Amino acid sequence: MDQYTLNLLVVGATFALYIGIAIWARAGSTSEFYAASRGVHPVTNGMATAADWMSAASFISMAGLIAFGGYGASSFLMGWTGGYVLLALLLAPYLRKFGKFTVPEFIGDRFYSPTARMVAVLCLVVASVTYVIGQMTGVGVAFSRFLEVSNTTGLLIGAGVVFLYAVLGGMKGITYTQVAQYCVLITAYTIPAVFISLQLTGNPVPGLGLFGNHVSGEPLLARLDQVVTDLGFKQYTAQDGTPSSVINMTLFTFSLMIGTAGLPHVIIRFFTVPKVADARWSAGWALVFIALLYLTAPAVGGMARLNLIDTIYPNGTQSEPIDYEARPDWVRNWEVTGLLKFEDKNGDGKIQWYDDGSEDFAATARERGWTGSELAVNRDILVLANPEIARLPGWVIALVAAGGLAAALSTAAGLLLAISGAVSHDLIKGQINPDISEKGELLAARLAMAATICVATYLGLNPPGFAAQTVALAFGIAAASLFPVLMMGIFSTRINNRGAVAGMLTGLLFTVIYIFLHKGWFFIPGTNQFPDTISGSLLGIQSTAIGSVGAVLNFAVAYFVSKASEDTPREIKELVESVRVPRGAGAAVDH
Amino acid sequence: MTDQASKPETKATETDRGYWTANVRIIAVCLVIWAIVSFGFGILLRPLLAGISVGGTDLGFWFAQQGSILVFLALIFFYAWRMNKLDREYGVDEG
């Protein structure tokens, strides 16, 4: 059987599975649609949360970032997992106790302000829509590479499948589909990693192999440090110890952590479990399932980098690289996509790949007759190309294709649910037509979801060119506007409506304006006032890390404005006190 | 936080307040550990750990890429276990 048929078979089988689950788990009420009737087991919910959280970025991009960033990319590993500690300790149990359907609903009730609720809806929609565009683009790329259909056809198939199970099943359908998607994506991620770890270190556990010995006898990381520095790249495990770099890494990690804890599509997953105690356990289980991938990712990154260099320099980095004509098949396959490019700059027919930006290495390069690095590798292809680089069998490649699609689709579905809930529950039922019937609200939720899918598909087909940058925006908004008010709403009885609205707007505007100043206004290239580098930026902080500062401003403004205005009413204090205690969570459910 | 004195009609009891204080103390301890392993060992204090070698590199690198994740896991499960126990001690669990 050829690779194409295999891919088609494996991807087709997983899609049939998702749709089967959706038909089995149709939602009949708003409670089922928004919160799966709060009947989801904590372990099941943990697994669904993991699939919800791990997007195409985690599955496809992260290992590539680590492979080329080394130690510097550790922010992603710590940031995207450390947020779950904040979620488990500071938000999930209390928001579950509060017992409503959406994040803006909590903010509106706790701060007794429809304005606060609408600001929260705005933050949620902007953060989630920018995020969903990235997922749809990822679906299109994965389809075009593995199923050899056009980007457009691939995207439409993907959108159709999400449409079927998300619109039909709501949270209930999405939860059980995400469980299946988690199983697919974790298998697809782990199997190639295990094979590669065995090849390089003899250890079947990739996470242990990374810190173990290479088959040559020396520690794997020591060998990796050696070969990358041989080619002028910066040492893999080294830390850039300059104060500005350390500060940026700290702030960036912190932004990712509080952004993770503040992203609504993750928070609403904790509304689905039966009890407060379950919400605590469920956050732990979510991190277990996430950690299975995140402990493997640094190994995938490091080993792929080593494999790549060994492929180009089969006789060691001190010897000559391979001839272009003798390049392996996977290089040929990826050249077709344009994500991997070779240019024979010195005309010797060999592939010289090194860091031509390094001044220290320039002399060595001249000595060896190299006139520039001849290979350009897009970091995003690493995980997808990994099985081919390690010469693994065809079914593993097909599985990785299905895994990448599972990661993108599961996150897209979770985001769509968060958006449709905010529109139908907060905007339509909460603001425009409070007397809407349950049936009417359910229909509105489904229509909102269908409309969001259409918008996301359209934007996925015509990516505004800023899809990648907007991830910084999504995290910045979640970190600087939503997380602080949610936390203050629970941990302080004193923060009032004015404080919350002022805090959210300050955090939101500061962060968004700072990002626009560095990335261009509305991401239009060339309209930025400052370069987005550590030394060139306005405050010496890169735009991806600015969410931390926005969050601190949000806390400070909310505190001082609340202090300067009247105290919260008695019933709000009672609400906060009841949210803090698990007892009676069952009674607080629904309306 | 300036909680006003509890009046008879306020639902929160002294038990609830004691429970909340105990909870906040547990959260504080967990978050200190959370910050030490990630921002501390993984980033800011890494130079201090440079002498301790782990698998071809130093302990700080291990904490940044794996150790902190394992500690995060332990923290969440510890917190869930400890809080469920605290719920029962104060009689505020959901039964």
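Order of the sequence lines sets the chain letters (A, B, ...), proteins ahead of strands, with each chain counted from 1. It should be emphasised that the depicted structure is a prediction, and the values quoted were computed from it without experimental measurement.
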Determine, step by step, whether A:Y294 and A:S58 satisfy the side chain to side chain donor-acceptor pair (under 3.5 Å) criterion, reporting the C-alpha distance in whole Å, the side-chain angles of both residues, the deciding distance to 0.1 Å, and the verdict. CA-CA 8 Å; A:Y294 274 61; A:S58 288; 2.7 Å; yes

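- Inspection of the B:D58 and B:S53 side chains reveals no N or O donor paired with an N or O acceptor under 3.5 Å.
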As a quick check of understanding, evaluate side chain to side chain contact (heavy atoms under 4.5 Å, CB included) for A:R280 and B:I76, giving each step before the final call. CA-CA 8 Å; A:R280 297 183 189 129; B:I76 298 183; over 6 Å; no

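- Comparing A:N213, A:L210, A:T81, A:L224 by how many heavy-atom pairs each has under 4.5 Å with chain B, the most go to A:T81.
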Should B:N23 and B:Y90 be marked as a side chain to side chain donor-acceptor pair (under 3.5 Å) after you check the CA-CA gap, both sets of side-chain angles, and the distance that decides it? CA-CA 11 Å; B:N23 176 17; B:Y90 280 84; over 6 Å; no

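- The residue among B:G56, B:G42, B:A64, B:A50 with the most heavy atom pairs within less than 4.5 Å of chain A is B:A64.
- Here the side chains of B:F41 and B:W62 are not in contact, with every heavy-atom distance at 4.5 Å or above.
- In this structure, chain A has heavy atoms under 4.5 Å from both the backbone and the side chain of B:F72.
- Looking at A:L90, only its side chain comes within 4.5 Å of chain B, counting heavy atoms on both sides.
- If you tally non-hydrogen atom pairs under 4.5 Å between each of B:I69, B:T57, B:I27 and chain A, the highest count goes to B:I69.
- Of the two parts of A:A299, neither the backbone nor the side chain holds a non-hydrogen atom closer than 4.5 Å to a non-hydrogen atom of chain B.
- Of the residues considered (B:Q66, B:R46, B:M83), B:R46 shows the highest number of contacts with chain A, using heavy-atom pairs under 4.5 Å.
- Panel note: side chain A:S197, backbone A:N203; a donor-acceptor pair is recorded below 3.5 Å.
- In this structure, the portion of B:D87 lying under 4.5 Å from any heavy atom of chain A is its side chain and not its backbone.
- Among A:L221, A:L287, A:T237, the residue with the largest count of heavy-atom pairs under 4.5 Å with chain B is A:T237.
- Checking each of A:V552, A:L256, A:I541 against A:L251 for a side chain to side chain contact (heavy atoms under 4.5 Å, CB included) leaves exactly one that passes, namely A:I541.
- Only the side chain of A:I66 comes within contact range of chain B, with heavy atoms under 4.5 Å apart.
- No part of A:F76 comes within reach of chain B, as not one of its non-hydrogen atoms sits under 4.5 angstrom from that chain.
- Taking the ring centroids of A:W285 and B:F77, they lie under the 6.0 Å cut-off.
- Among A:P219, A:G79, A:A279, the residue making the largest number of heavy-atom pairs under 4.5 Å with chain B is A:P219.
- Most heavy-atom pairs under 4.5 Å with chain B: of the set A:G82, A:G70, A:A291, this distinction falls to A:G82.
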Chi angles and distances behind the side chain to side chain contact (heavy atoms under 4.5 Å, CB included) call for A:T568, A:I495: CA-CA 7 Å; A:T568 47; A:I495 303 297; over 6 Å; no

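- B:S68 touches chain A through its side chain: at least one heavy atom from C-beta onward sits under 4.5 Å away, while N, CA, C and O do not.
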